[in-house]
Participant: 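Would you mind keeping the following structure in view while I ask a few things?
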Amino acid sequence: MTVWIESDLCDGCRRCVRACPYDAIAIEDGKANILERCTNCGACLAECKNRAIQSDAVPKEIPDFSDHEGVWVYAEQRDGVLAKVTLELLGIAQELGQERRQKVSAVLIGDRLENLTHDLIRHGADRVFLAEDPCLQPYRTLAHVKIMENLINEHKPEILLIGATHIGRDLAPRLSRRVGVGLTADCTALSIDPEEKILLQTRPAFGGNVMATIANRYSRPQMATVRPGVMEARTDEAKAGTIIHCEVQLDEADIKTKVLEMFEEKRKHAPITDSKVIVAGGRGVNGEAGFQMLRTLADLLDGEVAGTRVVAEQGFVPADCQVGQTGKTVRPEIYIACGISGAIQHRAGMMNSRFIIAINKDPDAPIFKVADWGIIGDLHDVVPELVRQLTPAS
């Protein structure tokens with residue numbers, strides 16, 4: 001692709017200069033001039049009202065994808081236990097499937113897992129593709145990629161969702177490369193465009209300061225990994241579904257890796273994504289002594305302590321206890337925000353809490369706009385009083 005200027009048509013209006021993201025256009029002697037740093041991105045073409053900017057690029061045509069149908073979910077499991085994000089993805093898959101009038105399918109890979117298919121069906125799967133073989137358990141990248149690649153090529157789904165877990169982040173990019181499609185990682189929202197009927201995939205960008213919505217017009221399936229905790233699982237005990245047993249043609253030579261032994265790291269705390277009560281601290285907690293106070297309150301409520309990005313970076317809470325766009329998304333019954341101003345990046349990670357209690361001495365703090373109850377006061381006075389009143393009498 002080449003971009004050039006028809007000088008006779010240019011009136012030096014500077015619209016193209018303002019449109020160029022690379023500062024690759026300059027006005028010289030009243031006419032636009034393309035500089036060497038031009039990347040031929042084409043951003044300037046639509047801005048020129050006189051059609052003085054020309055290009056030899058041929059518009060890209062959207063292929064015919066009428067043979068692709070269905071919303072698929074990769075059903076992640078470990079040791080025969082379904083990952084929570086799998087059930088959450090089946091919830092949003094139902095919404096997408098209803099809008100596209102297509103069936104929802106789950107792909108379950110491992111060994112001796114047929115007992116899990118009923119759980120997948122009652123959480124929304126119309127079909128479960130079940131691939132079972134001893135070589136598929138435990139998870140190994142090449143084995144699962146090969147099974148998924150074969151199923152995608154044979155059945156041609158329109159949408160494929162994978163949890164943004166350790167396994168999902170390992171599997172998804174390799175699979176997208178194998179089948180030659182794009183991938184949007186770490187999505188926090190999914191929807192169907194009402195006009196184009198394509199999947200709109202929203203994710204945080206630039207450190208959580210921007211929410212980018214991405215569309216894939218030129219390949220199928222439309223693939224996305226989705227952050228755990230942002231979607232809601234649904235159940236229908238009366239739902240019926242179909243189990244499709246898939247033939248597995250793999251041996252150890254195809255997989256190339258062997259799991260010799262597995263060690264599970266012992267957690268010092270329960271995952272905050274599973275906690276019913278979270279006591280979260282921000283910059284206003286003011287150090288380790290303040291967080292020790294929050295831990296005391298969390299223990300009394302049988303909850304967990306979390307924090308904002310700032311306090312996680314300072315080491316007052318572990319990285320896996322950070323709540324927000326660049327951390328975890330949580331849905332507790334009670335979320336107590338202590339000394340948290342309530343920036344949009346943090347609110348995005350806790351907005352789905354059932355009840356939000358905010359403690360802040362600034363009455364204009366944004367956190368109060370989303371709180372069910374607000375306490376205006378110094379948390380170093382309020383939290384000790386809560387601890388005192390919740391402590392059982394001896």
Side-chain angles (χ1 to χ4, degrees), residues 84-85 88 188 208 227-230 232 265-394:
K84 187 178 177 182
V85 69
E88 295 168 355
T188 57
R227 184 182 297 185
V230 299
E232 190 171 358
E265 182 182 3
K266 291 184 178 179
R267 289 178 172 268
K268 296 180 180 178
H269 56 85
I272 60 172
T273 51
D274 296 338
S275 182
K276 298 296 184 184
V277 177
I278 293 177
V279 180
R283 195 192 304 268
V285 176
N286 197 23
E288 180 57 36
F291 272 94
Q292 188 56 51
M293 178 176 60
L294 298 193
R295 292 186 190 100
T296 303
L297 177 59
D299 289 343
L300 288 168
L301 297 170
D302 194 23
E304 296 294 334
V305 172
T308 61
R309 178 175 179 175
V310 170
V311 300
E313 289 175 346
Q314 292 174 339
F316 295 123
V317 298
D320 61 352
C321 290
Q322 177 192 330
V323 174
Q325 282 181 352
T326 54
K328 302 286 186 182
T329 300
V330 295
R331 290 172 174 266
E333 291 291 306
I334 299 175
Y335 188 89
I336 305 176
C338 304
I340 296 174
S341 63
I344 184 62
Q345 292 88 347
H346 181 76
R347 299 203 308 264
M350 44 70 78
M351 279 291 291
N352 291 321
S353 304
R354 184 173 182 184
F355 297 111
I356 299 171
I357 302 170
I359 304 171
N360 201 300
K361 61 183 179 182
D362 178 7
D364 296 322
I367 192 69
F368 287 123
K369 295 179 180 178
V370 297
D372 297 286
W373 295 283
I375 302 173
I376 300 173
D378 191 328
L379 69 91
H380 296 91
D381 297 326
V382 176
V383 173
E385 179 61 22
L386 289 174
V387 170
R388 187 184 69 80
Q389 297 205 25
L390 288 169
T391 303
S394 56

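These numbers come from a predicted model, not from an experiment.
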Participant: Between atom SG of Cys338 and atom CG of Leu386, what is the distance when rounded to the nearest 0.5 Å?
Facilitator: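 Result: 8.0 Å between the selected atoms.
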Participant: For a 4.5 angstrom cut-off between non-hydrogen side-chain atoms, does Ile357 reach Tyr335?
Facilitator: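 No, their side chains stay 4.5 Å or more apart.
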Participant: Just wondering, do Val277 and Glu304 contact through their side chains at under 4.5 Å, heavy atoms?
Facilitator: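 Glu304 does not reach Val277 side chain to side chain.
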Participant: Got Thr329 and Met350 here, is their nearest side-chain heavy-atom distance under 4.5 Å?
Facilitator: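 Of all side-chain heavy-atom pairs linking Met350 with Thr329, none is under 4.5 Å.
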Participant: Quick one: CD1 on Ile375 to NZ on Lys361, what's the gap to the nearest 0.5 Å?
Facilitator: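 Reported value, rounded in 0.5 Å steps: 15.5 Å.
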Participant: Once you round to the nearest 0.5 Å, how far does CD1 of Ile278 lie from CG of Leu294?
Facilitator: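 Here the interatomic distance stands at 13.0 Å.
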Participant: Any side-chain heavy atom of Asn360 within less than 4.5 Å of one from Leu379?
Facilitator: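 They are not in side-chain contact.
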Participant: Could you give the distance from OG1 (Thr308) to CD (Glu313), rounded to the nearest 0.5 Å?
Facilitator: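 These two atoms lie 8.5 Å from each other.
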Participant: So does Arg295 pair up with Glu288, basic N to acidic O under 4.0 Å?
Facilitator: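 Glu288 and Arg295: salt-bridged.
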Participant: Which pair of non-hydrogen atoms, one from Ile340 and one from Ile367, has the smallest distance, and what is that distance?
Facilitator: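 Taking Ile340 first and Ile367 second, the nearest heavy atoms are O-CG2, 3.4 Å.
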Participant: For His380 and Val285, which heavy atoms make the closest approach, and how far apart are they?
Facilitator: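 Closest approach of His380 to Val285: NE2-O, 3.0 Å.
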Participant: Rounded to the nearest 0.5 Å, how far does CG of Leu300 lie from CD of Gln389?
Facilitator: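 If we round to the nearest 0.5 Å, Gln389:CD and Leu300:CG are 12.0 Å apart.
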Participant: Does His346 reach the main-chain N or O of Gly282 with its side chain, forming a donor-acceptor pair under 3.5 Å?
Facilitator: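 Pair absent, no side-chain N/O of His346 close to backbone of Gly282.
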Participant: Which atoms form the tightest heavy-atom contact between Met351 and Arg347, and what is the distance?
Facilitator: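 Residues Met351 and Arg347, closest heavy atoms: CG-O, 2.7 Å.
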Participant: Taking C-beta and beyond as the side chain, do Phe368 and Ile376 meet within less than 4.5 Å on heavy atoms?
Facilitator: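 Phe368 reaches Ile376 side chain to side chain.
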Participant: Heavy atoms only: give me the nearest Val383-Met293 pair and the separation to one decimal.
Facilitator: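 Shortest heavy-atom contact: CG1-CG, 3.4 Å.
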Participant: Between Lys84 and Asp274, is a side-chain contact (heavy atoms from CB on, under 4.5 Å) present by the stated rule, with each step listed?
Facilitator: CA-CA 9 Å; Lys84 187 178 177 182; Asp274 296 338; 3.7 Å; yes
Participant: Between Ser275 and Pro271 (side chain of the first, backbone of the second, donor and acceptor by atom type, cut-off under 3.5 Å), is there such a pair?
Facilitator: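 Such a contact is absent between Ser275 side chain and Pro271 backbone.
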Participant: Does any N or O in the side chain of Arg331 come within less than 3.5 Å of the main-chain N or O of Val230, such that one atom is a donor and the other an acceptor?
Facilitator: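 Looks like yes, one N/O pair under 3.5 Å.
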Participant: Taking all non-hydrogen atoms of both residues into account, name the closest pair between Ala312 and Pro318 and its distance.
Facilitator: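 Nearest pair, atom of Ala312 first, then Pro318: CB-O, 4.5 Å.
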Participant: Between Asp372 and Arg354, is there a salt bridge with N-O shorter than 4.0 Å?
Facilitator: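 No salt bridge links Arg354 with Asp372.
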Participant: Give, for atom CD1 of Ile336 and atom CG of Leu301, the distance between the pair rounded to the nearest 0.5 Å.
Facilitator: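 CG of Leu301 is found 5.0 Å from CD1 of Ile336.
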Participant: Grab the two heavy atoms, one from Gly377 and one from Ile359, that are nearest each other, plus how far apart they are.
Facilitator: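 Minimum heavy-atom separation between Gly377 and Ile359: O-CG2, 4.2 Å.
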Participant: Please check: side-chain N/O of Ser353 versus main-chain N/O of Phe355, any donor-acceptor pairing under 3.5 Å?
Facilitator: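 Absent.
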Participant: Using the rule given for side-chain contact (heavy atoms from CB on, under 4.5 Å), can you reason through Ile356 versus Trp373, listing the C-alpha separation, both sets of side-chain angles and the distance that settles it, and then say yes or no?
Facilitator: CA-CA 7 Å; Ile356 299 171; Trp373 295 283; over 6 Å; no
